[in-house]
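Have a look at the structure below before the remarks.
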Amino acid sequence: MSRAAEQRLLQQAGAIAGLWRAAHAGQRDTWTCAGLAELLLAPGRLFTPAARPAAFAAGPPGTCFATASRLADEHADLLYIEGMVLADGVPFAFDHAWCVSAASDRVIESTLPDGAGLAYLGIALTDDYRREQQALRGVDAVITGGGINLADNADNADALRGGLPAHAWLPIGRLLPAPTEAREGS
């Protein structure tokens, strides 16, 4: 685990949160969060990169939401996590999904090659909420816009307007560090 990578991810999430808040000034002022990054900086947690266990095969690139969801459905001890990752060789954090064991914060990567994920910021979603939102939205992504385009996730505007409901997420992962200058842009 690299504290520098985590700090970089948190800085980027803070900057993205500030950009979304500014871009939607006057439109989302009463919303709890203007976009995904701001949502992740509230109940979000940090997760520890780890080698993928041999029992789990990586899905094809671009299928992280579907692959992580399938893994969580197939293995009762795995939780689906959605959020952002900072990956080796990519200059910016992007929307992503992965799994963790219910007993650990160690990432079981859904699609990236082993060692590519440097820092993970996300929210462990309950199976019921995940399945409900996937059915409502008709896509595998639950709280993000999906993809690597930092798309607006207004499809799940309720989560942005009032925050995630208590039944939607689990307090799994490491707490974010206290606010620092690394996240002043949020």
Side-chain angles (χ1 to χ4, degrees), residues 1-14 16-17 33 35-59 61 63-90 92-127 129-130 133 140-148 150 153 159 163-164 168-180 182-183 186:
M1 166 183 61
S2 165
R3 297 268 185 234
E6 286 180 350
Q7 184 176 14
R8 218 169 104 217
L9 175 58
L10 292 171
Q11 286 173 331
Q12 288 187 16
I16 293 166
C33 304
L36 170 68
E38 193 172 4
L39 179 66
L40 293 174
L41 292 170
R45 303 288 175 104
L46 294 168
F47 295 87
T48 304
R52 184 176 18 265
F56 303 104
T63 67
C64 65
F65 304 106
T67 301
S69 189
R70 179 184 49 77
L71 287 172
D73 283 340
E74 291 175 355
H75 302 276
D77 62 324
L78 295 185
L79 299 171
Y80 174 92
I81 314 295
E82 200 164 300
M84 299 173 79
V85 64
L86 183 64
D88 189 33
V90 181
F92 53 86
F94 55 88
D95 298 359
H96 193 54
W98 60 94
C99 289
V100 297
S101 161
S104 169
D105 75 339
R106 297 179 65 77
V107 170
I108 298 172
E109 180 53 62
S110 58
T111 55
L112 295 177
D114 266 348
L118 304 176
Y120 294 81
L121 170 64
I123 299 172
L125 299 174
T126 63
D127 289 337
Y129 183 76
R130 172 178 54 89
Q133 291 301 313
D140 295 306
V142 176
I143 58 173
T144 76
I148 304 177
L150 300 175
N153 59 337
L164 286 171
W169 65 282
L170 302 165
I172 305 293
R174 290 180 286 111
L175 292 172
L176 301 184
T180 65
R183 294 189 311 190
S186 60

Only counting residues at least two apart or in another chain, list the ones meeting side chain to side chain donor-acceptor pair (under 3.5 Å) with [X].
X    : answer
R70  : E74
T63  : T67
E38  : R21
D140 : none

H96 and F65 aromatic centres sub-6.0 Å: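 No: the rings miss the under 6.0 Å criterion.
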
Using a 3.5 Å cut-off and no angle test, enumerate the donor-acceptor pairs between side-chain atoms of residues 117-127 and protein atoms at least two apart in sequence or in another chain.
unit_1	atom_1	unit_2	atom_2	d
Y120	OH	E109	OE1	2.5
T126	OG1	Y129	N	3.2
T126	OG1	H167	O	3.0
D127	OD1	R130	NH2	3.2

Residues forming a side-chain contact (heavy atoms from CB on, under 4.5 Å) with [X], sequence neighbours excluded:
X   : value
A42 : none
P61 : none
A68 : Y80, A97, C99, S110
R8  : Q11, Q12, L86

Judged by atom type as modelled, is there a donor-acceptor pair below 3.5 Å linking the side chain of Q133 to the main-chain atoms of V142?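 No, Q133 side chain to V142 backbone: no donor-acceptor pair under 3.5 Å.
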
Is a side-chain donor or acceptor of D114 paired with a backbone partner of R52 at a separation under 3.5 angstrom?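 Yes.
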
